[in-house]
Amino acid sequence: MSELRHPIGTFDVLAPDSRRWEALLAVFARVVEGAGYGLVITPTFEDLQVFQRVGASTDIVRKEMYDFEDKGGRRVALRPEVTASVVRAFIQHRPTTPWKAWYAGSNFRYESPQAGRYREFHQVGIEVFGAADADLDVEVMALGWEFYRALGLRRVELMVNSLGDATCRPPYRALLIEYLEARSGDLCDEHRDRFRENPLRVLDCKRPTCKAVAADAPKQVEHLCDACGAHFARATGGLDALGIPWTLATNLVRGLDYYTRTTFEYAGLALDSAQNAVGGGGRYDALVEEMGGPSTPGIGFALGVERILMACDAEGTLAAPDAAVDVFVVDFAGGDAARDLTAQLRAAGVRADRSFDGRSAKAQFKVADRSGARLALVVGPDDAAAGTVMIRPLTGDRTQWATPRDQVVAEVARLLGS
RNA sequence: GUGGCCGUAGCUCAGUUGGUUAGAGCGCCAGGUUGUGGCCCUGGAGGUCGGGGGUUCAAGUCCCCUCGGUCACCCCA
C-alpha cells in the first residue's frame with residue numbers, strides 16, 4: 001500500500017472510465033448550448049458570505065461547509081453548490097437579461113462518504129436570471145429531462161411541486177405549524193422540538209412517524225395565491241404539452257431554502273432510494289435581491305454527475321467510448337522515424353502514437369495492437385536505409401507494403417479517409 | 001457524529017485447528033521468432049499480509065488500539 005492516497009470522500013477517475021465523464025459533459029453541453037445557454041466559469045471557492053446568505057439555516061451551509069481562513073485572514077469556503085456563485089457573478093457583472101448560463105464543476109460538502117455521496121462531487125447545471133415566465137420553468141425542466149434521455153436513461157421520474165411565494169407561503173407556513181402543533185406528539189425526536197423553525201423540513205423527514213404526519217398535512221399546492229396557482233398551472237401544463245411525464249410531489253422540499261414557486265427533482269428509479277436523487281432545482285425569485293442584487297427572478301437546476309453515472313450503470317447505458325489512435329509507429333531503427341513521423345502525422349490531423357525506450361519489434365507490435373490503431377507504420381534498419389516506410393494494416397488483411405518516406409503521411413491520410 | 005461489514009501483489013482473490021522461504025488467475029516485462037501484434041509455451045519482476053502494540057516457542061491467522069475502505073442512519077447530488 002502506498003502512503004499517499006486521495007483524501008477521504010474523494011476519488012480519481014482514470015481512463016477508460018474518464019471517457020464516460022467526457023461523454024457525459026459533451027452531451028450536456030450539446031443539449032443546453034442548443035437552447036442558448038452559455039458556459040459560466042466561477043471560482044471553486046468564494047467568500048464565506050456568499051454561501052451563508054443563501055442558506056444560513058440549512059445543513060449544507062451550517063454543518064457541511066468546507067470553510068477556512070486563508071493566509072490573508074479572509075474567511076472563504078469551497079462551494080457546496082454552484083447557484084450561489086452564479087448569483088454572485090450575476091450581481092457583480094450584470095449581464096443583460098434573460099441571462100442563460102450553464103456550468104460543470106466540483107462541489108464540496110464535509111460529511112461522511114457512502115454510496116453516491118462524496119466530499120468532492122460534481123454537478124452540471126443551468127441557471128436563468130431575469131425571466132419570471134412559467135414557460136421558462138417548462139424549458140428548464142425539459143432540458144434536464146432531455147439530457148437524461150440523451151444519455152440513454154429511461155427510468156427517471158420528474159417530480160414537481162410549488163412552494164408558493166411571499167404572498168402565499170407565510171400563511172401556508174402558519175397553517176402547517178398549526179397542524180403540526182396539534183400532531184407534535186407524533187413527530188420524530190428531532191422535529192418535535194424544531195418544527196416551528198422550519199416546518200417544511202418535516203414534510204421531507206423520512207422517519208415513519210413524521211411521514212405519517214406529513215401525509216395528512218395541508219399542502220402548499222392547495223394553498224397557492226392566484227398568481228402562484230396560475231404559474232404552476234402554466235408550468236405543469238407546459239410539461240403535458242411537451243409530452244414530458246411528471247408527478248405531483250406535494251411534500252417535495254429541497255435542501256436549500258431559497259426556492260420559490262416551482263421546485264422539482266429528478267429521481268433515478270433504477271437506484272436505491274438513498275441516492276436516487278439524480279438532480280433537482282427550482283425557481284428562486286427572491287434570491288438575487290436577498291444577496292444584494294436588483295430584484296430579479298431566477299430558476300435553475302443542478303444534476304449530480306456521480307449519481308447520473310450510477311443510474312447509467314444500473315440501466316446499462318453510456319458505455320465508455322473506445323479511445324484509439326489511428327496509427328501506431330513501430331520503429332526499431334533507432335527512433336528517428338518514430339519521432340518525426342508521429343509529429344508529422346499529428347500535424348496532419350492523424351492520431352498517432354508510438355513506443356519509447358527502444359523496445360523490441362515484437363513488444364512494439366503488442367502495444368500497437370492494444371492501441372486500437374488501424375494502421376502500423378513500420379521502420380526497421382532496411383527501411384530506414386531504403387528511405388521507405390512499411391504500411392501494415394492491423395486488422396483484416398495484414399499484408400504490408402513499402403511506401404516512400406516522403407509520401408507516407410499523405411498515403412496514410414488517404415487510407416484513413418476512405 | 002453513530003453503527004454493520006471489510007483491509008494479503010497493479011487488479012480479483014486463496015491461505016486449513018496459529019507451524020518452515022505467503023500463493024493463484026489476470027495484468028506487466030523478457031525470451032521462444034538477432035524485423036512483425038492478438039493464440040500458445042517458458043521465465044521474470046512485483047508483498048514491510050493497512051499501521052502500532054500484545055499473547056505465544058511460533059501470528060497473514062488470536063486479542064487490543066489505530067488508520068483506511070465500504071454500506072447504512074442523518075442530510076443530500
Side-chain angles (χ1 to χ4, degrees), chain A residues 1-11 14 55 58-65 79-83 104-125 144 188-191 198 201 204-208 210 252-256 265-268 271-281 301-311 328-334 355 357 359-386 390-396 398-400 402:
Chain A
M1 294 292 131
S2 52
E3 273 189 26
L4 297 177
R5 317 184 81 261
H6 56 65
I8 293 172
T10 65
F11 52 86
L14 316 197
T58 66
D59 281 3
I60 291 172
V61 171
R62 251 184 28 238
K63 303 196 302 209
E64 299 173 0
M65 198 130 72
R79 62 182 180 206
E81 56 120 29
V82 183
T83 301
S106 290
N107 300 290
F108 303 84
R109 294 182 194 172
Y110 193 90
E111 52 187 344
S112 40
Q114 60 180 262
R117 204 179 75 181
Y118 303 93
R119 288 188 175 180
E120 178 176 6
F121 64 100
H122 300 79
Q123 288 183 330
V124 294
C188 72
D189 294 347
E190 185 189 340
H191 288 117
N198 197 341
R201 286 250 77 86
D204 199 35
C205 184
K206 284 173 182 159
R207 291 192 175 78
C210 280
L252 175 61
V253 174
R254 310 231 58 250
L256 294 151
E265 266 180 29
Y266 302 97
L271 298 175
D272 292 335
S273 66
Q275 60 269 351
N276 75 352
V278 293
F301 65 59
L303 316 180
V305 173
E306 291 82 1
R307 297 271 175 94
I308 293 170
L309 290 173
M310 288 169 75
F328 199 96
V329 180
V330 174
D331 178 344
F332 42 94
S355 291
D357 295 324
R359 302 179 63 189
S360 69
K362 174 176 178 169
Q364 291 191 53
F365 269 97
K366 279 191 172 183
V367 180
D369 188 47
R370 281 201 301 261
S371 77
R374 287 160 60 191
L375 296 175
L377 296 186
V378 187
V379 181
D382 297 348
D383 310 295
M390 296 296 252
I391 298 177
R392 179 182 176 87
L394 287 168
T395 55
R398 290 165 289 159
T399 306
Q400 59 185 16

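Every chain is numbered from 1 and lettered A, B, ... according to where its sequence line falls, protein lines coming before strand lines. Worth saying up front: this structure is predicted, and the values here are computed from it rather than measured.
- In terms of the ring pair (Phe, Tyr, Trp, His ring centres under 6.0 Å) criterion, residue partners of Tyr118(A) (sequence neighbours excluded) are, by chain and number, Phe11(A).
- In this model, the phosphate group of rC75(B) is not approached by any side-chain N or O of Arg109(A) to a distance below 4.0 Å at OP1 or OP2.
- When the P atom is compared between rG46(B) and rA9(B), the two are found 15 Å apart, to the nearest whole Å.
- Regarding Leu252(A), its CG atom lies at a distance of 11 Å from the P atom of rC76(B), rounded to whole Å.
- Atom-to-atom, OH of Tyr266(A) to C1' of rC76(B) comes out at 17 Å; the value is rounded to the nearest Å.
- With values rounded to the nearest 0.5 angstrom, Ser112(A) atom OG is found 7.0 Å from Arg119(A) atom CZ.
- Applying the salt bridge (Lys or Arg N to Asp or Glu O under 4.0 Å) rule to Arg117(A) yields the partners Glu111(A); only residues at least two apart in sequence or on another chain are considered.
- When all heavy atoms of Ala333(A) and Gly380(A) are compared, the closest pair comes out as CB-C, 3.5 Å.
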Taking N or O atoms only and anything under 3.5 Å, show me the protein contacts with nucleotides 69-71 of chain B, one pair per line.
from: rC71(B); atom 1: OP2; to: Ala115(A); atom 2: N; distance (Å): 3.0

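- Taking the C1' atom of each, rU48(B) and rA30(B) are spaced 28 Å apart, rounded to whole Å.
- Here, rG50(B) and rC57(B) have their P atoms 25 Å apart, quoted to the whole Å.
- rU36(B) atom C1' lies 13 Å from atom CG of Asp382(A), rounded to whole Å.
- A gap of 26 Å separates the P atoms of rU42(B) and rC11(B), to the nearest Å.
- When the P atom of rA77(B) is taken as reference, atom CD of Glu111(A) falls 10 Å away, rounded to whole Å.
- Minimum interatomic distance between Ala311(A) and Val278(A) (heavy atoms only, all atoms of both residues): CB-CG1, 4.4 Å.
- The side chain of Pro381(A) lies closest to rG35(B), out of rG35(B), rA77(B), rA30(B).
- Spacing between atom CZ of Phe328(A) and atom C1' of rU36(B) amounts to 13 Å, rounded to whole angstrom units.
- Side-chain N/O atoms of Arg370(A) and base N/O atoms of rC28(B) include no donor-acceptor pair closer than 3.5 Å.
- Using a 4.0 Å heavy-atom distance criterion, Asp383(A) is classed as a base contact.
- Helical stems in RNA chain B, defined as runs of 3 or more consecutive Watson-Crick or G-U wobble pairs with both donor-acceptor distances under 3.5 Å, are listed by first residue as B:1-7 with B:67-73, B:10-13 with B:23-26, B:28-32 with B:40-44, B:50-54 with B:62-66.
- For Arg117(A) against rC75(B), a side-chain N or O and a base N or O form a donor-acceptor pair under 3.5 Å.
- A distance of about 33 Å separates the P atoms of rC74(B) and rA14(B), rounded to the whole Å.
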Could you list, one pair per line, each protein nitrogen or oxygen that sits under 3.5 Å from a nitrogen or oxygen of nucleotides 32-34 of chain B, together with the distance?
from: rG32(B); atom 1: N7; to: Lys362(A); atom 2: NZ; distance (Å): 2.9
from: rG32(B); atom 1: O6; to: Lys362(A); atom 2: NZ; distance (Å): 2.6

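- Aromatic stacking is not marked for Phe332(A) over rG35(B), as the cut-offs of 5.5 Å for the centres and 30° for the planes do not both hold.
- Separation of the C1' atoms belonging to rC62(B) and rC75(B) is 40 Å when rounded to the nearest angstrom.
- Taking side-chain N and O atoms only, Ser360(A) has a distance below 4.0 Å to OP1 or OP2 of rG31(B).
- Put simply, the side chain of Gln400(A) and the base of rU36(B) share a donor and an acceptor less than 3.5 Å apart.
- Just one residue in the list Leu377(A), Asp383(A), Val330(A) forms a side-chain contact (heavy atoms from CB on, under 4.5 Å) with Met390(A), and that residue is Asp383(A).
- Looking only at side-chain heavy atoms (C-beta outward), Arg307(A) and Phe121(A) stay at 4.5 Å or farther from each other.
- When the C1' atom is used for both rU21(B) and rG47(B), the distance is 14 Å, rounded to whole Å.
- Where Lys63(A) and Val278(A) each meet RNA chain B at their nearest nucleotide, the meeting point lying more 5' is that of Lys63(A).
- Rounded to whole Å, the P atom of rG15(B) lies 44 Å from the corresponding atom of rC76(B).
- Using a 4.0 Å heavy-atom distance criterion, Ala376(A) is classed as making no nucleic acid contact.
- Gly280(A) approaches Leu303(A) most closely through the heavy-atom pair N-CD2, 4.2 Å.
- If you take CZ of Arg359(A) and C1' of rU36(B), they are 14 Å apart, rounded to a whole angstrom.
- Rounded to whole Å, the distance from NZ on Lys366(A) to P on rA30(B) is 8 Å.
- Within the model, atoms CG of Leu375(A) and OG1 of Thr395(A) stand 8.0 Å from one another, a figure rounded to the nearest 0.5 Å.
- Counting atom types as modelled, Glu120(A) pairs no side-chain N or O with a base atom of rA77(B) as donor and acceptor under 3.5 Å.
- Applying side-chain contact (heavy atoms from CB on, under 4.5 Å) to Phe365(A) and the options Arg392(A), Arg359(A), Arg370(A) leaves one that passes, Arg392(A).
- Computed from coordinates, the Asp369(A) CG to rG38(B) C1' distance equals 5 Å when rounded to whole Å.
- By the salt bridge (Lys or Arg N to Asp or Glu O under 4.0 Å) test, Lys63(A) is found to be paired with Asp59(A), residues two or more places apart in sequence or in another chain being considered.
- For the pair Val367(A) and Ser355(A), the tightest heavy-atom approach, listed with the atom from each and the gap, is CB-OG, 4.0 Å.
- Within the 4.0 angstrom heavy-atom criterion, base atoms lie near Arg392(A).
- Between Ile60(A) and Glu81(A), every side-chain heavy-atom pair lies at or beyond the 4.5 Å cut-off.
- Looking at Glu120(A) and Thr10(A), their side chains never bring a donor and an acceptor atom within 3.5 Å of each other.
- Between Asp272(A) and Tyr110(A), the residue anchored nearer the 5' end of RNA chain B, judged by the nucleotide with its closest heavy atom, is Tyr110(A).
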